[in-house]
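Please read the structure below before turning to the comments.
Atoms within a ligand are numbered from 1 in the order they appear, just like the ligands themselves.
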Amino acid sequence: MDEEKIREAARLFLEGIGEDPLREGLMDTPGRIVRMCHELFAGYGSDASEHLATRFEAPAGGGVVIERGIRFYSVCEHHLLPFFGQAAVAYLPEGEVVGLSKIARTVEVYARRLQLQERMTAQIADALAGSLSARGVLVVTEAEHLCMSMRGVSKPGSTTLSFAARGEFEADGALRAEAFRLLGL
Ligand SMILES: [Zn+2]
């Protein structure tokens with residue numbers, strides 16, 4: 001990251017909205033924004049396939065693996081405002097499973113970037129489908145967008161759902177419906 005550019009941009013932005021970037025409360029704000037950017041946009045520097053490299057033998061007779069309630073925070077690329085919520089992942093293992101924390105890490109890799117919810121959901125599904133030996137992957141995300149709650153149509157509390165299906169979950173509507181049921185959707 002070019003920290004000086006971020007600091008300079010923050011100073012210009014503060015001036016642009018009519019603030020005084022040198023007043024006491026704002027003096028350290030450009031530096032705070034730099035440190036925040038390292039956290040919020042850490043996904044640019046990480047690769048989901050590394051997290052998914054460690055796999056275990058799937059238990060015999062196992063069915064769909066589901067992980068729900070994976071909290072995420074991302075930033076909408078249209079407004080630079082947060083959108084946040086929960087992701088749920090279902091996959092059909094073929095011989096191998098991955099540690100559950102690795103699925104949450106995969107979500108983080110794609111959430112911590114400037115994003116669109118639909119693209120983030122698709123990227124998580126593609127990363128899982130590409131790295132896991134799975135017959136199918138289904139990713140569902142539900143998020144509140146501050147660009148909708150704080151401005152524009154101003155609908156606080158409303159959420160946006162997005163899903164991406166790969167493999168058998170894409171090909172087989174009944175299987176997908178069953179997974180949605182298990183996910184409580
Ligand atoms: Zn937005």
Side-chain angles (χ1 to χ4, degrees), residues 1-21 23 25-49 51-52 67-90 102-130 137-166 169-170 176 179-180 183-185:
M1 272 186 199
D2 188 331
E3 297 189 352
E4 192 39 50
K5 267 194 180 166
I6 298 170
R7 264 191 292 272
E8 181 62 17
R11 280 191 290 266
L12 286 171
F13 170 77
L14 290 169
E15 276 179 23
I17 62 168
E19 270 286 1
D20 169 12
R23 76 174 169 83
L26 294 178
M27 252 176 13
D28 296 330
T29 295
R32 288 189 194 102
I33 290 176
V34 165
R35 291 191 292 281
M36 182 179 72
C37 285
H38 280 294
E39 256 182 82
L40 297 195
F41 304 122
Y44 287 117
S46 49
D47 181 353
S49 63
H51 297 303
L52 298 169
E67 190 173 10
R68 299 192 302 180
I70 307 165
R71 288 207 66 83
F72 68 84
Y73 294 86
S74 190
V75 179
C76 138
E77 70 182 21
H78 292 154
H79 301 95
L80 303 191
L81 282 174
F83 66 94
F84 56 94
Q86 299 196 4
V89 169
K102 306 302 183 192
I103 291 177
R105 287 215 178 277
T106 301
V107 172
E108 284 281 281
V109 165
Y110 294 103
R112 293 195 174 266
R113 303 173 182 206
L114 289 184
Q115 272 293 13
L116 301 172
Q117 186 181 344
E118 296 77 7
R119 185 177 64 213
M120 181 188 82
T121 308
Q123 286 174 334
I124 296 165
D126 287 334
L128 293 170
V137 172
L138 179 69
V139 178
V140 183
T141 60
E142 179 169 22
E144 178 173 355
H145 292 246
L146 288 193
C147 58
M148 285 173 71
S149 316
M150 287 179 74
R151 56 160 291 284
V153 290
S154 272
K155 285 277 175 286
S158 72
T159 57
T160 303
L161 270 173
S162 175
F163 79 90
R166 301 290 181 264
F169 285 120
E170 188 176 21
R176 186 166 66 243
F180 278 136
L183 291 171
L185 293 165

Quick note, salt bridge (Lys or Arg N to Asp or Glu O under 4.0 Å) partners involving residues 7-17, not counting sequence neighbours, are E4-R7, E4-R11, E8-R11
Hits for ring pair (Phe, Tyr, Trp, His ring centres under 6.0 Å) against H51, two or more places apart or cross-chain, chain-then-number order -> none
Value for OG1 (T121) from CD (Q115), rounded to nearest 0.5 Å, stands at 8.5 Å
message = With heavy-atom distances below 4.5 Å as the criterion, would you say the side chains of E3 and H38 are in contact?
response = yes
Taking 2.8 Å as the strict upper bound, the Zn ion (ligand 1) has protein N, O or S neighbours numbering 3
When rounded to the nearest 0.5 Å, the distance separating OG1 of T159 from CE of M148 is 9.0 Å
By salt bridge (Lys or Arg N to Asp or Glu O under 4.0 Å), E142 pairs with (sequence neighbours left out) none
